[in-house]
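Step one of this worksheet: look at the structure below.
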Number of protein chains: 2
Amino acid sequence: MRAADLSEIRKLDLFQSMDEDHFAALMKAAYFQTFPTGMQLITEGDMADFLFVVVEGCVELFAATNGREATMAMVKPVGTFILAAVLKDAVYLMSARTCAKSRVLMIPSQNVRNAFVKDDSFARAIVSELASCYRAVVRDHKDHKLRTAVERLANRLIKYHTCQGETGSLTLPYDKKTLASLLGMTPENLSRAFGTLKPYGVEVDGAKVTLSDIKSLTTLAKPNPLIDVRKA
Amino acid sequence: MRAADLSEIRKLDLFQSMDEDHFAALMKAAYFQTFPTGMQLITEGDMADFLFVVVEGCVELFAATNGREATMAMVKPVGTFILAAVLKDAVYLMSARTCAKSRVLMIPSQNVRNAFVKDDSFARAIVSELASCYRAVVRDHKDHKLRTAVERLANRLIKYHTCQGETGSLTLPYDKKTLASLLGMTPENLSRAFGTLKPYGVEVDGAKVTLSDIKSLTTLAKPNPLIDVRKA
DNA sequence: TTCATTTCTTGATAATTATCAAGTCTCAAC
DNA sequence: GTTGAGACTTGATAATTATCAAGAAATGAA
């Protein structure tokens with residue numbers, strides 16, 4: 001691994017306050033690789049060999065059963081995935097594929113668990129990350145159990161709008177097929193949901209969305225801080 | 001707190017290998033209380049004051065927004081809830097109420113975080129518990145994104161049947177309204193879903209369900225070890 | 001017991017969401 | 001340019017799920 005990469009990784013929350021020796025040991029065992037778009041990194045059901053850290057690009061977590069497939073989450077820099085499986089030394093519950101050219105750090109599970117035991121600071125960072133992931137899934141689950149598809153879309157648009165600086169317009173971060181699956185609907189329904197939101201000032205042109213009546217959109221969406229995250 | 005209670009709690013996975021002094025300190029600050037049925041213990045949005053451990057009885061985790069309410073999970077002995085909120089020193093994302101007379105251990109958040117820092121064994125147990133909770137929510141989320149209501153019910157029945165000894169019949173552990181909400185449907189729809197499963201050998205009489213054709217029910221349900229848990 | 005409450009079920013209907021089948025559009029390769 | 005693939009949209013239709021209303025069954029208190 002290059003020195004530049006190392007110092008970059010060292011800055012990540014997960015490793016920042018870690019002991020120097022422990023960090024070096026961890027990195028010695030790790031792989032830092034660049035993957036092209038569309039590369040499947042892990043498959044649900046496989047044993048958790050590595051902890052993954054997305055340093056650049058974007059990774060889609062998805063799951064399938066009985067011929068159906070659903071996008072579970074999108075991991076952006078700097079985020080980890082399948083931390084729980086690594087800690088429990090269990091199988092992955094989700095598959096992962098890159099949805100952009102991505103730089104990914106792969107740390108062998110056993111080394112993560114070793115470092116976890118040896119390095120208290122690392123352990124705390126891991127727990128913080130795991131708790132965050134947990135809360136994110138709970139939010140997502142609430143979103144799905146308590147809202148209709150149109151409401152989920154409306155809230156998602158408000159979220160993107162907020163994150164992108166509240167300029168009155170926003171850019172969808174993923175293609176519509178992926179966004180649809182993430183929101184738990186079919187691509188056809190996403191199209192129609194955008195149509196439903198037209199009277200609320202939502203205008204779509206490709207990946208660009210303009211919100212001309214945020215007040216009425218908000219009235220419809222009823223965003224809830226206990227479901228919709230501020231950051232990211 | 002009574003000595004008998006103390007020794008019982010000490011046996012729980014979470015505290016088992018904890019240092020004696022640390023355990024004593026934690027328990028000195030804790031409350032061990034019995035609550036009647038239907039008591040609301042926490043409300044989503046409130047700051048996480050306590051970590052809860054259900055020692056006896058049953059607690060329902062639920063969430064609400066915009067006039068709608070959904071059961072998110074049921075916590076049975078011995079299980080914790082809102083661990084992530086406590087560790088992150090954040091607000092609860094879910095509310096909780098007892099759905100039976102319940103004995104609950106309440107440990108002040110700050111004490112949990114202190115013990116977490118001081119006691120490595122406790123920290124490891126906490127992480128294991130948190131990772132398990134995380135994986136449980138992921139499974140639940142997959143269940144909802146990848147299956148129809150009838151499929152969710154069929155798999156749930158198979159799960160209960162397995163847990164209760166595969167005798168050809170099972171007892172629903174919650175009332176049907178709660179079960180419906182847990183499965184993400186209305187009570188009316190649960191009734192109809194049971195009707196749909198009749199041709200697959202599912203006969204309902206109150207809380208008792210008999211499965212006379214498990215093979216055909218399984219063919220319909222298509223249980224998946226990456227969604228449906230073995231234990232519990 | 002009786003009454004009242006709650007739980008559960010059933011029917012009718014509406015809303016939501018999915019599926020199937022074009023059709024348009026963009027974009028890149030040839 | 002032409003072609004073809006993939007993304008997206010739209011319409012028609014079907015399946016799924018929810019809502020509203022009423023009735024049956026179980027439960028519990030007086």
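We name chains A, B, ... by the order of the sequence lines, and we start the count at 1 in each one.
Distance A:L172 CG to D:dT9 P: 10 Å, rounded to the nearest Å. As rounded to whole Å, 14 Å separates atom P of C:dT19 from atom NZ of A:K177. Per the geometry, CG belonging to B:L183 stands 16 Å off C1' belonging to D:dA18, to the nearest Å. Atom-to-atom, NZ of A:K145 to C1' of D:dA18 comes out at 16 Å; the value is rounded to the nearest Å. Remark: C1' of C:dT9 and CG of B:L179 are 15 Å apart, rounded to the nearest angstrom. Atom CZ of A:R147 is separated from atom P of D:dT17 by 21 Å (rounded to the nearest Å). Taking atom CZ of B:F194 as the reference point, atom P of C:dT9 lies 7 Å away to the nearest angstrom. Taking atom NZ of residue B:K208 and atom P of nucleotide D:dA25, one finds them 20 Å apart after rounding to whole Å.
Listed pair A:K176 / D:dT9 meets the phosphate criterion, a side-chain N or O lying under 4.0 Å from OP1 or OP2. Put simply, A:N189 has no side-chain N or O that comes within less than 4.0 Å of OP1 or OP2 on C:dT17. For the pair A:T186 and C:dA18, the criterion of a side-chain N or O lying under 4.0 Å from OP1 or OP2 is met.
Relative to the six-membered ring of B:F62, B:R97 meets both conditions, a distance below 6.0 Å and an angle of at most 45° to the axis.
The residue among B:R192 and B:D175 whose nearest nucleotide of DNA chain C lies closer to the 5′ end is B:D175.
In summary, B:R147 and B:D228 engage in a salt bridge, as defined by a charged side-chain N under 4.0 Å from a carboxylate O. In this structure, A:E151 pairs ionically with B:R68, as a charged nitrogen and a carboxylate oxygen lie closer than 4.0 Å. Between A:E188 and A:K176 there is no salt bridge, since no side-chain nitrogen of the basic residue lies less than 4.0 Å from a carboxylate oxygen of the acidic one.
If you check distances only, the side chain of A:E188 never reaches the base of D:dC8 with a donor-acceptor pair under 3.5 Å.
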Show which side-chain atoms of residues 70-89 of chain A pair as donor or acceptor with protein atoms under 3.5 Å away, not counting sequence neighbours.
from	atom 1	to	atom 2	distance (Å)
A:T71	OG1	A:E60	OE2	2.6
A:T71	OG1	A:S181	OG	3.2
A:T80	OG1	A:E129	OE2	2.7
A:K88	NZ	B:S128	O	3.4
A:K88	NZ	B:S128	OG	3.1
A:K88	NZ	B:S132	OG	2.6

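The shortest distance between side-chain heavy atoms of B:H161 and B:R156 does not fall below 4.5 Å.
In this structure, the helix from C:dT1-D:dA30 to C:dC30-D:dG1 shows an angle of 30° between the axis at its start and the axis at its end, each fitted on 5 base pairs and rounded to 10°.
Using a 4.0 Å heavy-atom criterion, one finds that B:T148 contacts the sugar-phosphate atoms exclusively.
Within the 6.0 Å centre-distance limit, the rings of B:H141 and A:H141 are counted as a close aromatic pair.
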